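Numbers restart at 1 for each chain; the letters A, B, ... are given by sequence-line order, proteins then strands. None of these values were measured; they are calculated from a predicted model.
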2 protein chains.
Amino acid sequence: MKKKRPSLRDIAEVLNVSTTTVSFVLNGKGEEKKISKQLIERVENYLKEIDYKPNLIARSLRTGNSHIIVFMVEDVSNHFFSKVGRVIEDISYKHDYRVLFCSTENDAKRTREHIEIFKERQVDGFIIVPPPGIKEEVENLKNNGLPVVLFDRKIEGLDIDSVLLNNYEGARQTTQHLIDQGFKKIAFITIDLDQNQMHDRLKGYRQTVKEEGLEEYILTLPYDTDRVAESRKKIKDFIAAHPELDSVFFATNYLSQSGLKTLHQIDSNLVSNLGIISFDDSYFFEMYAPTISAYAQPIELMGRELMRIMFDRIKQKGEASKHQEVSLDGELIIRESSLKKYTRL
Amino acid sequence: MKKKRPSLRDIAEVLNVSTTTVSFVLNGKGEEKKISKQLIERVENYLKEIDYKPNLIARSLRTGNSHIIVFMVEDVSNHFFSKVGRVIEDISYKHDYRVLFCSTENDAKRTREHIEIFKERQVDGFIIVPPPGIKEEVENLKNNGLPVVLFDRKIEGLDIDSVLLNNYEGARQTTQHLIDQGFKKIAFITIDLDQNQMHDRLKGYRQTVKEEGLEEYILTLPYDTDRVAESRKKIKDFIAAHPELDSVFFATNYLSQSGLKTLHQIDSNLVSNLGIISFDDSYFFEMYAPTISAYAQPIELMGRELMRIMFDRIKQKGEASKHQEVSLDGELIIRESSLKKYTRL
DNA sequence: GGTGCTTACATAAACGATTTAGGAGCTTTA
DNA sequence: TAAAGCTCCTAAATCGTTTATGTAAGCACC
């Protein structure tokens with residue numbers, strides 16, 4: 001049943017030329033390799049006629065690259081990562097590269113295993129959202145001449161290509177926006193995740209309220225998603241302890257979503273009465289009532305930058321050269337929830 | 001810099017044995033192939049010592065399979081598909097298979113091209129959410145002995161493995177639930193997508209209201225996501241034309257989300273005053289106020305069934321055998337929005 | 001002591017491409 | 001006319017595995 005696809009050799013035989021010739025023509029190196037016009041044409045016509053598709057596995061084995069890049073993120077089904085993944089996928093396809101998606105679950109062991117497996121598969125590059133504790137593996141990849149671009153987070157003490165959000169600046173803008181709207185008692189609700197991006201957001205918030213001579217209200221919740229009940233309680237207590245609060249800045253979109261629910265539970269008018277803004281946009285915010293303002297990461301741009309750097313590296317074929325650290329600005333998406341005139345206090 | 005990984009041949013040389021021996025031991029066929037215990041041990045120790053990893057590309061070339069399966073869906077960043085993708089990814093990894101994700105955009109041409117490309121890469125199987133118009137290509141894949149499992153939709157007139165939701169039954173249950181809650185004027189809002197799953201949902205709704213002696217209220221919106229304004233207007237007109245409606249059944253979660261927004265725009269109390277339920281669950285529904293009831297697809301189970309069939313087929317190595325059509329039931333997730341006592345009419 | 005059967009390995013041919021090195025035939029040049 | 005230089009093409013090695021086939025040694029058997 002399974003009829004074998006013709007190989008280069010089969011074609012060469014039919015045309016009575018060598019496989020070399022067919023290969024050269026196939027790869028558009030005909031002229032360069034001084035194959036005569038007529039022969040090029042003859043081969044090309046035949047290739048087209050039988051709609052020949054080379055066996056990419058064989059090509060990979062010979063050339064040592066696979067035209068596959070991996071995109072390792074915390075969770076492929078996470079909205080932000082899957083959107084960026086989609087951008088990367090599209091760009092890759094245009095350049096004849098494919099993308100392997102993979103979830104790290106922010107776990108070092110799982111990530112290490114995956115990196116190992118992908119190396120066996122001769123992938124051509126890695127885009128990684130690094131979990132803590134994989135500095136060494138990433139360094140090894142780089143030293144082996146494999147392109148690696150970090151995304152979303154960096155690894156302390158490792159000079160390597162990366163595409164990041166300017167979290168500090170983003171948090172500053174977000175906080176400033178609330179202040180500009182007339183909010184004065186701004187709570188910052190974050191998680192106890194020891195990673196740069198969270199630190200930078202916190203710093204941005206603190207610096208801004210400080211400069212404006214306002215007080216800080218900071219609540220740190222556990223990172224564990226299964227400690228929801230605990231988080232809920234903490235938010236309730238926090239709100240109760242600070243009745244003077246007029247607005248809330250959630251440090252991640254996940255926090256905002258569960259936070260909104262909690263606020264609504266405390267008092268169904270609370271959400272409308274507080275100024276609310278989220279770091280990270282979400283599809284959800286557009287639908288909520290009121291619509292929720294957010295500082296959105298530049299998804300499209302991030303994907304493009306990641307691939308630009310990736311292809312730069314691939315072209316360089318492992319030659320060392322200075323690393324690029326791209327820090328991108330997001331965009332404040334102002335919706336109803338952060339506009340003073342919409343709150344009813 | 002890039003130090004070459006040792007090959008089987010290198011190892012054989014060091015150990016003074018043949019590559020055959022090393023290969024057999026590597027693949028655990030030592031005993032079967034009558035290699036002596038001592039030698040097996042010697043080879044195994046060395047393999048472990050240098051932490052040898054075989055070149056999977058070479059293996060693929062030789063064996064003709066890649067241990068890669070593709071998961072082609074409408075959009076990899078869609079919540080439902082990415083969740084199922086995640087399940088598939090996890091199962092695959094456990095069996096040493098990798099997953100290539102790919103977005104079809106529901107476009108036949110794009111899908112055809114992708115199928116072609118994946119065949120060149122010798123992928124071992126396809127899980128496809130088929131766009132209209134690719135019957136022939138899918139049939140070819142199957143006839144070439146390549147495992148194909150359809151997901152979410154079927155292709156009319158093609159007998160092939162598939163994992164589907166029992167849309168009819170789901171819509172019946174959903175409608176019945178509203179009726180049991182005491183709702184009597186139930187609107188069904190759907191899209192004009194000519195695909196089985198939508199037809200079945202409509203049928204389920206109609207049959208149920210008919211059996212209960214209730215009137216049908218059906219609104220069909222354009223599928224195009226960029227005709228949002230038009231959809232909004234249609235919903236508004238529909239609601240205005242039928243002030244007697246006491247509940248709404250949205251046929252997809254995307255519809256629910258934009259529909260909720262529209263309802264809220266019409267009248268901020270409308271969402272609380274109507275009974276609302278959605279086909280397809282969404283993360284969003286849990287957070288909304290009120291929380292929105294939904295008929296949830298069994299994501300985990302779907303992923304497992306897809307992979308079960310896939311591995312069945314892979315084991316059969318292209319032998320034809322009767323196709324399996326799995327029809328799964330979802331689960332009614334009852335939240336506030338569909339409970340009569342929560343609506344204030 | 002020839003035949004046959006294990007055991008325990010090795011040899012070498014694939015898989016299907018890319019690519020290096022080279023060769024045949026022609027023209028040019030000193 | 002011999003050497004050199006083109007032009008156009010080919011032979012064969014190579015990538016790193018898997019696996020069909022080969023074979024040498026040992027033993028049994030009549």
Pick from B/T21, B/N27, B/T20: which one makes a side-chain contact (heavy atoms from CB on, under 4.5 Å) with B/F24?
B/T20
Could you state the CZ-C1' distance from A/R42 to D/dC8, rounded to the nearest angstrom?
13 Å
Output yes when at least one side-chain N/O atom of A/S60 is less than 4.0 Å from OP1 or OP2 of D/dC15, else no.
no
Rounded off to whole Å, could you give me the NZ-to-C1' distance for the B/K53 and D/dG16 pair?
17 Å
Tell me whether the side-chain N/O atoms of B/K33 come closer than 4.0 Å to OP1 or OP2 in C/dT7.
no
What about B/S23: does its side chain form a donor-acceptor pair under 3.5 Å with the base of D/dT17?
no
Hey, which of these two, B/F24 or A/P54, hits DNA chain C nearer its 5' end, going by closest nucleotide?
B/F24
Please report how far the helix from C/dG1-D/dC30 to C/dA30-D/dT1 bends, comparing the axis fitted to its first five pairs with the axis fitted to its last five, to the nearest 10 degrees.
80°
Quick one: A/L56 CG to D/dC15 C1', roughly how many Å, whole number?
16 Å
Would you say the base of D/dT10 and the side-chain of A/T20 have a donor-acceptor pair closer than 3.5 Å?
no
Expressed in angstrom and rounded to an integer, what is the separation of A/I11 atom CD1 from D/dT10 atom P?
14 Å
Between C/dC9, D/dA12, D/dT18, which one does the side chain of B/T63 approach most closely?
D/dT18
OP1 or OP2 of D/dG16 less than 4.0 angstrom from a side-chain nitrogen or oxygen of B/S7, does that happen here?
no
Quick one: does any side-chain atom of B/S23 pair with a main-chain N or O of B/T19 as donor and acceptor, under 3.5 Å?
no
May I ask you to check whether A/N106 and A/T104 show a side-chain donor-acceptor distance below 3.5 Å?
no
Note: for B/K37 and B/A58 on DNA chain C, the residue whose nearest nucleotide lies more 5' is B/K37
Where B/L141 and B/K119 come nearest, the two heavy atoms and their spacing:
CD2-CD, 3.4 Å
Of the nucleotides C/dT19, C/dT18, D/dT18, which has the atom closest to the A/R59 side chain?
C/dT18
Output side-chain donor-acceptor pairs under 3.5 Å for residues 77-85 of chain B, partner residues at least two apart or in another chain, one line each.
| from | atom 1 | to | atom 2 | distance (Å) |
| --- | --- | --- | --- | --- |
| B/S77 | OG | A/K83 | NZ | 3.4 |
| B/S77 | OG | B/D75 | OD1 | 2.9 |
| B/S77 | OG | B/D75 | OD2 | 3.3 |
| B/N78 | OD1 | B/F80 | N | 2.8 |
| B/N78 | OD1 | B/F81 | N | 3.0 |
| B/S82 | OG | B/N78 | O | 3.1 |
| B/S82 | OG | B/H79 | O | 3.1 |
| B/K83 | NZ | A/S77 | OG | 3.4 |

With a 3.5 Å cut-off and no angle check, do the side chains of B/S92 and B/R98 form a donor-acceptor pair?
no
CG of A/L8 versus P of D/dA12: gap in Å, rounded?
18 Å
With a cut-off of less than 4.0 Å, is there a side-chain N or O of A/Y52 near OP1 or OP2 of C/dA17?
yes
Identify all side-chain donor-acceptor contacts of residues 32-41 of chain A below 3.5 Å with residues at least two apart in sequence or on another chain.
| from | atom 1 | to | atom 2 | distance (Å) |
| --- | --- | --- | --- | --- |
| A/S36 | OG | A/Q38 | OE1 | 3.3 |
| A/S36 | OG | A/L39 | N | 3.4 |

Residue-phosphate contact under 4.0 Å: A/N55 side-chain N/O, C/dC15 OP1/OP2
no
Confirm from the modelled atom types if A/R62 and C/dT18 form a donor-acceptor pair under 3.5 Å, side chain to base only.
yes
Nearest whole angstrom, please: distance from the C1' of C/dA8 to the CD of B/E32.
15 Å
Classify the nucleic acid contact of B/N16 as base, sugar-phosphate or nothing, counting any heavy atom under 4.0 Å across all strands shown.
sugar-phosphate
I'd like to know if the side chain of A/E89 pairs up with that of B/S103 as donor and acceptor (distance under 3.5 Å, no hydrogens or angles considered).
yes
For D/dG16 and B/T19 - does any side-chain N or O of the residue sit under 4.0 Å from the phosphate oxygens OP1/OP2?
no
To the nearest Å, give me how far apart CD1 (B/I57) and C1' (D/dT18) are.
16 Å
Counting only side-chain N and O atoms of A/R9, is one of them less than 4.0 Å from OP1 or OP2 of C/dG16?
no
With a 4.0 Å cutoff (strictly under), does any side-chain N or O of B/K34 reach OP1 or OP2 of C/dA8?
no
Under 4.0 Å: is that the gap between some side-chain N or O of B/T21 and OP1 or OP2 of C/dA10?
yes
Quick one: do the B/N196 and B/E156 side chains pair a donor with an acceptor below 3.5 Å?
yes
Expressed in angstrom and rounded to an integer, what is the separation of B/I50 atom CD1 from D/dG16 atom P?
13 Å
